[in-house]
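Start at 1 with the first residue, then count along the sequence. Atoms within each ligand, like the ligands themselves, are counted from 1 in listed order.
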Amino acid sequence: MSGASAPRSSAPAPPVSGDPFDVLVIGGGINGAGVARDLSLRGVRVALVEKREFGSGTSWASSGMIHGGLRYLQHDPEVTLHSCVDSGHIQRIAPHLVFRIPFLMPVFADDPLGAEMIEIGLEMYDLYQPFKGGRPHTRLSPAQAHELEPALSDAIEGAFTLDEWGIDAARLCAANALDAAERGALVRTHTEVVAFLQDAGGRICGARVRDRISGEERRIEARETLNATGPWVARVSQMAGAPVRLRPGKGVHLVFERRVSNLAVYAKGIDGRDMFTFPHEQNSMAGTTDDDFYGDLDRMEVGEDEVAYVLQAVERSLPGIREHRLIHAIAGVRPTLYGFGSYEDELSRDYAVFDHGARDGVPGFWTLAGGKLAAYRLMAEDASDRICRALGVEAACRTHEVPLPGGEAAVEPVEVSRRFGVGLPAALRLGFRHGARASGVLAGSVRPPRIVCACEPVLDAELRHVAREEGLQTLDDARLRVRLGVGACQGAGCGVRAAATLAEALDWSADRVSREIAFFVGERCRAMEPVVAGAQLAAVEIHRAVFLGARGFHGAEEF
Ligand SMILES: Cc1cc2nc3c(=O)[nH]c(=O)nc-3n(C[C@H](O)[C@H](O)[C@H](O)COP(=O)(O)OP(=O)(O)OC[C@H]3O[C@@H](n4cnc5c(N)ncnc54)[C@H](O)[C@@H]3O)c2cc1C
């Protein structure tokens, strides 16, 4: 049943077994999942609830870079330092999930800073590179730059290289949540906090949660409750009577089919903002915008103007960019801390932990907001330290030294490929997502693994594994958990096959299968619409009509 249409019960909700927990964490983005893992490693009893899928909020919509943020050096050097140091930790605990992204920064005659000033900035950034295993910058002539990246504009006067790292952000969220679960935490996706529990003294002592698939409501009691809901922080803290103000900033990325450049390439918006095009897993992404956002966080749209703005910026560095096929757009909202009077781009990317007992007279309630994906571990450590002090727990943080699931040993894709008879590309992708656990994913399969989605590729055995062992709940969740349908097919090639695999693993009814496919395909069409025109738009409409009309899949507005 869709969460939107689920009946609201007026009877008192039953408790979740095992209550009360020490800490209830709300939000399975990178910050909530990171805190749940940190606390679980310290022996704290945690419940983590996420209203959709892990990482489905801002974390998935990020550029997925665990970088220092060259541009924060000027205004926010602390943010650069923290992000670089934490990037080094993340690379050590999850080596399978990260990939190097070498950058080219072209220099044009009309660049206001000029090559010499840019190089001074890069020399400063070089000082931070050792923290995250990055190489120092190099300065290139136009010919050298074109040799590395033939698609670069002929107008460049030279270029610089710099070194960054990318990560599968949604998988990083899932890995943190799974680790928490393996250490005893109660972890639930598609479970939304709809109200807070308060004792007679006004202390928040947990929350009432609604399962958005079954519609059932439950109480989860906890000694401390953390609001880690990213851009939803303001809404959730309001519910608890402890207002937190954010300055949410919308960011849009465009996604191109396959790799459009060898390296990541800096671009400049018409307003002078830095943007980039970068290879990301099997695709390329370009972005991002940064605009104050006042709309509906649960129904983000991408406008034609946003697509035009990004393409115009990229075109200056890569003039042939419009010849490449755009497959979809992603929009997300930065949970930026409140600031008045600055342009969006200049707002601090710092974070804050609010103890609402001390701040607002609402004891038992905390908020973690702001920050960056790249520094999530450090933010989680800070929030966990403070909550542990309140609980009287003395155990220290260990998240910088204990590997995330799959990060325990080196991945052997050739061995996986030979042993299980799967092609090397599939074995490589499996190793990327599951690390040292890749063999375990296939070992449980009773049938020889088959490719369900050729874009990445994704195997049916992996889908069965995440359904049975990782608590995956919906077909659309597989888009985030294992990157189903995020490549050229956008669900057209894999939706039905993947739904059949999940139906078998999770015992879905025919009606449930129909609703899962309808929602998944509907969402893929919605993501494609802003970036296609003419014949491609007609193809999207035919795709939608075939699935939702002729083939009769129908139902869910939301999972
Ligand atoms: C366009 C863009 C690009 C970015 N690029 C980078 C980058 O390259 N590197 C970097 O370091 N940072 C980047 N960031 C910033 C980074 O993505 C965020 O700081 C980070 O992902 C925030 O994580 P979060 O857990 O706080 O929020 P989220 O990921 O949004 O997680 C919050 C979760 O709470 C859930 N939730 C909300 N309400 C409830 C409720 N009532 N009950 C239960 N669950 C609820 C939501 O479903 C959501 O999953 C980028 C941000 C944007 C928008």
Going by atom types only, do Thr474 and Asp476 share a side-chain donor-acceptor pair under 3.5 Å? no
Test of proximity, Gly332 against ligand 1: N or O pairs below 3.5 Å: no
I'd like to check whether Ser59 has a polar contact with ligand 1, where a contact means an N/O of the residue lying under 3.5 Å from an N/O of the ligand. yes
For atom 36 (N) of ligand 1, find the nearest protein heavy atom and state the residue, atom name and distance (0.1 Å precision). Thr229 CG2, 3.8 Å
Tell me whether the rings of Phe354 and His356 are parallel (<30°), tilted (30 to 60°) or perpendicular (>60°). tilted
Considering both backbone and side-chain atoms of Gly249, is one of its nitrogen or oxygen atoms within less than 3.5 Å of a nitrogen or oxygen in ligand 1? no
Please report which non-hydrogen protein atom sits nearest to atom 51 (C) of ligand 1, along with the residue it belongs to and the distance in Å to one decimal place. Arg334 CG, 3.7 Å
Nearest heavy atom to atom 14 (N) of ligand 1, choosing from Gly27, Gly32, Ser62, Ser87, belongs to Ser62
Tell me, which protein residue and heavy-atom name are nearest atom 26 (O) of ligand 1, and how many Å apart are they? Asn31 ND2, 2.8 Å
Does Val233 reach ligand 1, in the sense of a heavy atom lying below 4.0 Å from it? no
Sequence neighbours excluded and cut-off under 3.5 Å, please list the side-chain donor-acceptor pairs for residues 172-180, or say none.
| residue | atom | partner | partner atom | Å |
| --- | --- | --- | --- | --- |
| Asn176 | OD1 | Tyr376 | OH | 3.3 |
| Asn176 | ND2 | Leu172 | O | 2.9 |
| Asn176 | ND2 | Tyr376 | OH | 3.1 |
| Asp179 | OD1 | Arg183 | NE | 3.4 |
| Asp179 | OD2 | Arg37 | NE | 2.7 |
| Asp179 | OD2 | Arg37 | NH2 | 3.3 |
| Asp179 | OD2 | Arg183 | NE | 3.0 |

Check whether any heavy atom of Arg235 sits under 4.0 Å from an atom of ligand 1. no
Nearest heavy-atom contact between His96 and Pro405 is NE2-O, 3.5 Å
Give the single entry among Ser63, Pro335, Gly251, Ser56 that approaches atom 3 (C) of ligand 1 most closely by any heavy atom. Ser63
Checking Tyr309 against Arg273: is there a side-chain donor and acceptor pair closer than 3.5 Å? yes
Does Val252, backbone or side chain, put an N or O under 3.5 Å from an N or O of ligand 1? no
Report yes if some N/O of Lys51 lies less than 3.5 Å from some N/O of ligand 1; otherwise report no. yes
Anything under 30° is parallel, anything over 60° is perpendicular, the rest tilted; go ahead and classify His67 against Tyr72. perpendicular
Looking at ligand 1, is there an atom of it that comes within less than 4.0 Å of some heavy atom belonging to His253? yes
Geometric N/O contact Glu50 with ligand 1, under 3.5 angstrom: yes
Partner set under side chain to side chain contact (heavy atoms under 4.5 Å, CB included) for Arg258, not counting sequence neighbours: none
Among all protein heavy atoms in this structure, tell me which lies nearest to atom 30 (O) of ligand 1, with the distance rounded to 0.1 Å. Thr58 N, 2.8 Å
Do any N/O atoms on Leu373 end up under 3.5 angstrom from N/O atoms on ligand 1? yes
Taking atom 31 (O) of ligand 1 as the point of reference, which of Gly371, Gly29, Gly34 owns the nearest heavy atom? Gly29
Under the criterion side chain to side chain contact (heavy atoms under 4.5 Å, CB included), I'd like the reasoning laid out for Ser83 against Phe131: C-alpha separation, chi angles, the key distance, then a yes or no. CA-CA 9 Å; Ser83 302; Phe131 294 118; over 6 Å; no
Hey, could you give me the OG1/CG distance between Thr229 and Leu297, rounded to the nearest 0.5 Å? 9.5 Å
Would you check the N or O atoms of Arg52, main chain and side chain alike, for any that come under 3.5 Å of an N or O of ligand 1? no
Taking the side chain from Glu224 and the backbone from Val23, do they hold a donor-acceptor pair closer than 3.5 Å? no
Would you say CZ of Arg100 has more than 12 non-hydrogen atoms from neighbouring residues, nucleotides or ligands within 6.0 angstrom? yes
